[in-house]
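Report on the following structure.
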Amino acid sequence: MHSPGHSTVEFECVDETELILIHSNKLSYTKLNNAHIVSLIASGGGSAPSIVSSWMQPKTQYLITQLNNKLTQGQKYQLYTEFTGELADDLAGFYRSEYQEDGVRKIVATSQMHPTHARKVFPCFDEPAMKAVFYITLIHPPGTVALSNGMEKEIVNTTIDGIAVTKTKFEPTKKMSTYLLAIIISDYTHLSKSFLSCFQIRIWARRTAIEQGQGHYALNVTGPVLDFFQLYYNISYPLSKSDQIALPDFYFGAMENWGLVTYRETKLLYDPLTSSNRNKETTATIIAHELAHMWFGNLVTLQWWNEVWLNEGFASYVSYLGADHAEPAWNVKDLIILDEVHRVFAVDALTSSHPLSSKEDSIILPDQISEQFDVISYSKVHRAYYMYSITHYSMKNSDTVYNKNTFCNLCQQAVEANNVSLPRPVNDIMNCWVLQMGFPVVTIDTTTGKVSQKYFLLDPESNIKVKSPYNYEWLIPVRWMKSGEVQRDIWWLMEKEAVNLEMCNDSLWVLANINITGYYRVNYDHGNWERLITQLNSEHQVIPVINRAQLMDDAFNLARAQLVSTTLALKTTSYLLMETEYIPWQSALDNLHYYYLMLDCTEVYQPMQDYIKKLVTPLFLYFKNMTSNWTHIPDRLTDQYNQVNAIRMACRTGVTECQDLTTTWFKQWMDSPQENLIDPNLRSAVYCSAMAAGGEAEWEFGWWQFQGSSVASEASKLMSALACTKNKTLLERYLSYTLNPAMIRKQDATSVITSVASNRVGHSLAWDFVRKQWEYMFTQYGVGSFSFASMISEVTARFSTEAELQQLEEFVEENSAVGFGSATLAVKQAVERTKANIKWLHQNKQEILDWFNSQIQA
C-alpha cells in the first residue's frame, strides 16, 4: 500500500552554499518537468540557481541537491518535490495498523515521526531546533475521520479522478519541530468535553472501546492534569484543542505530538470492569508525562538530541506531580524511587553507561539518536533542581530552543530570586552530575566522622574507559538523621573526603540521604549498619518508609560491588516478617530478583524459596485478613499493589493456601468463561500462578481469552501470563507466534520474548530463539517495531556462566555485519553484566547458601 504526496518547503538562506541538504528516507521521487526530482524557485519572484543533480545519502538519510550557483544570503526559496511512500506496518513514519471489530478487518493509517521518522513521510529539515509551521490537508475515504495537530478547519466531500473522497483541511500548526507532527485516518469515534470553556478535550479510540466506556477515565483525568500544568508553568495551554488517541499498534507507550497525543491502547484506555488500579495509575501518569511536553518540549524544544534528558527527565519527574494533583489519595510521588531512581541506578553503575549530556557531534546518525532514549535520559534526574527552576523557563513563544547552559542559567536566576543558599553556582553543581556518567557512593564512618565519596561500580574490577572531566567526583547534598531525628541543615560533601563530627557516634545510628533526595548510594561502617538493622527488627517505623526501601537496595548493591558482605545485605531483609508497606517490599523483591536470576538453576534455589516463603507468609495472611478473605479491595493504592506482591510471591514460593486459591479462581473462570470474577487488581498474579500450575488446557484457555479480548489491558495481562507455563512445547510455540503479526502484534513481540525469558524454564528457549531469528527480526521488523535494546537486556539477564558469555560473544561476532542498531549499547552492557555475574556467582554462592540454610533452621 502506497501513499502519494507532494511537499513545498520554504526556507531562508543563512550562509551562501551550492548544496541543499534535506532529510529523506524510503521515499520514491517523481521526476519533474525540469528532469530532476526536485525543483527550486525563489520566493517573491526572484531567480534561483539551476539544479545540477540530486542524490540520496542513505547513511545520514539526506536528499542532496547540487546547484550551479550559490544561494543568496537572506533570500527565501521554495523546494518542491513529488513522492510516494509505502504505508507499511513498520510502526514508523506514516504507517498502517490493523484490527478486527465485529468480525470486520479495519485499518488505521497513523504516524510516528519521533525522533527521525518525519523524513520517511516527506522531505524535511528533520531536526528539533529547525521549527516550521505546517499547513496540512488530508484526502481520505468518505466515512473515515482525519486528525492532525490542528483543529479541523474545513471538511469537504469531493471527487478526484472520478473517485469520491473527503478532503479535511486543518488550521496551521504552531511553529514546531517535525518530530511532533501527527496525521491519522481512521473510522474511530470519540468522547469530548469542554475545558474551562476554552477548548475541547477529545479521547479517540475504536468504536467498541468508546462504547464500552474505556475512554471515560482518560477524559476525566486530562482536565485536572492540564489545569495543574497551566498553574505550574504559569502559561495557558497553547493550543485550540487537546486530542488523545489509542492505537492498536504503537511502538512506544505514548508520543507527545502537539495537540494529537498518540498512545498504545493499554496506556490510554481504562475499563472499570476489567482493568486494575495499576492500569489506572499508568494511564494517569503517562497522560501527565505527555501533557507536560505540551509546554516543555513542544513550546520550548531541546536544541539537539545529545541532551534528551532535558526533555524526558523533566517530563518523567513532573508526570508524578500532575498525577498526584489529579489523584491526591494515591501518593504517587513516593513511587518515583522504585519506578525511576532504582531503575536508573542499575544501568548507571556500569562502565557502559553514558553521561546525561554528550557532545553534539557525537550524536549524528539515526541509530545514535534512538540510543539516547534510554533509562538514563528518562530517569536520571537530580530532582531538587527541577523543583525551583522550571517555572522560570522562557516559554512565551514557540521559537525557543534550549540546552544545558540555558537550563543552568535559568536555574541560577531562580536560585537568586528565591534566596536559595547553595555552596557553588548552579552550573558548577550541575556539570558534575550531567557531564560525567555514573554516581557516587558516600561512605560515612560513624567512629571517626569521616565522610568520603567514590565512583560506584557494580563490578569494582571493570575497566573505566571513559575519562571524566571531573575525575568522577561530585558535589553532593547530604540530608541526614540521627536515631530518628532529622538534622536541620543540608550538609554538602564538596571534595573526595571530609569530616563531619556531628556524624561521629558509637551508640546512635546515623542515616543519610533522607527520602532519597540525592542521587547516590550510602555505605556505613559495620557498627552503624548493625545498629540500623537492629532498629529495623525492633521498631522499623522509626526509619522513613522510603529509606527502609533504600537501605535494602543500597546494601544489596554494595554487596554486589564487594563493599559490604552479602550476609549483611541479606540481613536487611529479615525484618520483612513485620513489614506491610509496599515500597520496602518491592525494593526487597527487586533485589532478590537478581538472586533468582543467578541462583534458580543451582542448589541454592530451594533454600532461597523456603526463606522467602517464611517472609511472605505473614504478608499473605495480613492481606487475607485485611480483605476479609479476599472479598474486599484495600483502600490505599500501595496496599493494593502489595496485596499483588503477597499473592504472587506466596504462590511462587509454594504457600499451599495461595496456590489452591489461584487455581480455584482460574478453574471457576474456565467453567464460566463469560463471567470472570477474579479481582482485576489480582489478575496478573492469578493468571500467572494458574498457568504455571496448570497444563495445556489452562494455556489454551488463556490463549483463547487473549485472542477474544476487546480490552487492551486485559489482553496484556493474559499475554504475560501465557509465558508463565512450565511446558517447554507451549513456550516454543508461543515464541514462534512473535514472527506472525496475525498472532502477536509487532509492538508486543518484544514483550512476549522477554516474558518467556523471565521464566526459568523458558530462558534458554528465548535465547536460542533470538540467536536464530536475529537477522530476520532486525531486517524485516525494523527499528519502529522491536525494542531491540530491552530484548537483549532481558534475554541475557540470567547469563552467569563462561559458556553463556562465550555464546553471547559469538552472537555479537556472527551478527556484526547485520548490526544491532539501537541495541548496540545494550549488547555492550550485556557482555559487561555477564562478566560481572560470573564473578559474583563464584564469590557469593556458598555464602548465600549457608545463610539461607541458617535462617530456615532458625
Side-chain angles (χ1 to χ4, degrees), residues 128 131-136 147-153 170-177 179-182 190-204 218-245 254-263 284-302 310-312 314-328 386-402 406-407 410 413-414 417-418:
K131 297 188 172 188
V133 176
F134 293 87
Y135 299 84
I136 301 293
L147 298 172
S148 189
N149 304 75
M151 196 68 179
E152 303 90 296
K153 188 177 178 183
F170 299 90
E171 63 182 5
T173 68
K174 294 276 189 182
K175 199 170 186 181
M176 68 180 197
S177 308
Y179 78 84
L180 295 172
L181 185 67
H190 69 280
L191 300 169
S192 67
K193 66 161 52 174
S194 176
F195 180 73
L196 302 177
S197 302
C198 298
F199 58 87
Q200 285 288 306
I201 297 170
R202 301 188 297 191
I203 306 297
W204 296 84
L219 183 69
N220 291 332
V221 82
T222 295
V225 169
L226 285 173
D227 189 45
F228 170 79
F229 285 131
Q230 288 193 137
L231 293 170
Y232 189 72
Y233 295 118
N234 195 27
I235 295 173
S236 296
Y237 179 72
L239 303 178
S240 61
K241 54 104 171 175
S242 173
D243 279 342
Q244 297 174 91
I245 187 167
M255 176 58 210
E256 67 269 18
N257 312 302
W258 213 5
L260 176 53
V261 185
T262 44
Y263 297 82
T285 51
I286 202 164
I287 284 175
H289 180 108
E290 303 311 322
L291 295 183
H293 280 307
M294 298 301 108
W295 290 264
F296 196 85
N298 297 5
L299 186 60
V300 295
T301 308
L302 80 168
L310 284 168
N311 247 18
E312 299 301 344
F314 171 71
S316 293
Y317 170 64
V318 298
S319 67
Y320 291 90
L321 305 186
D324 186 64
H325 176 81
E327 298 283 5
Y386 280 129
M387 284 191 278
Y388 56 71
S389 65
I390 201 62
T391 54
H392 290 261
Y393 252 101
S394 174
M395 295 195 196
K396 297 303 180 186
N397 66 73
S398 56
D399 286 336
T400 310
V401 294
Y402 61 91
T406 318
F407 176 78
L410 290 165
Q413 292 173 25
N418 290 280

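Put simply, the side chain of Met151 does not reach to within 4.5 Å of the side chain of Phe199, judged on heavy atoms. Between Leu219 and Gln244, every side-chain heavy-atom pair lies at or beyond the 4.5 Å cut-off. Looking only at side-chain heavy atoms (C-beta outward), Ser242 and Gln200 stay at 4.5 Å or farther from each other.
Shown here for Pro128 and Thr301, the closest heavy-atom pair between the two residues is O-CG2, 3.8 Å.
Applying the ring-ring contact (aromatic ring centres under 6.0 Å, His included) test to Tyr179 and every residue at least two apart in sequence or in another chain returns His114, Trp305.
To the nearest 0.5 Å, the span separating CD1 on Ile286 from CG on Leu291 amounts to 11.0 Å. The OG atom of Ser319 sits 11.0 Å away from atom CG of Asp324, with the distance rounded to the nearest 0.5 Å. For the atom pair Ile235 CD1 and Trp295 CH2, the distance stands at 9.0 Å (nearest 0.5 Å). In this structure, CZ in Phe195 is found 10.0 Å from OH in Tyr237, a value given to the nearest 0.5 Å. Here the CG atom belonging to Asn298 is positioned 4.5 Å from the CG atom belonging to Leu180, to the nearest 0.5 angstrom. Note that CE of Met294 is 13.0 Å distant from CD of Gln230, once rounded to the nearest 0.5 Å.
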For this session: Determine, stepwise, if the pair Leu181 / Ile136 fulfils side chain to side chain contact (heavy atoms under 4.5 Å, CB included).
Result: CA-CA 10 Å; Leu181 185 67; Ile136 301 293; 4.1 Å; yes

For this session: Would you please test His190 and Ile245 for side chain to side chain contact (heavy atoms under 4.5 Å, CB included) and show each step?
Result: CA-CA 9 Å; His190 69 280; Ile245 187 167; over 6 Å; no

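At distances below 3.5 Å, at least one donor-acceptor pair connects side-chain atoms of Asn149 with backbone N or O atoms of Trp258. Of the possible polar contacts, none joining the Thr262 side chain to the Ala254 backbone as a donor-acceptor pair under 3.5 Å is found. With hydrogens and angles ignored, the 3.5 Å screen pairs no side-chain donor or acceptor of Lys193 with any backbone N or O of Ile201. Judged purely by atom type and a 3.5 angstrom limit, Asp243 has no side-chain atom pairing as donor or acceptor with the backbone of Trp204.
Of the residues listed (Tyr402, Phe229, Tyr233), the one engaging Phe296 in a ring pair (Phe, Tyr, Trp, His ring centres under 6.0 Å) is Tyr402, and it is the only one.
Under the 3.5 Å distance criterion, with hydrogens and angles disregarded, a donor-acceptor pair is assigned to the side chains of His289 and Glu312.
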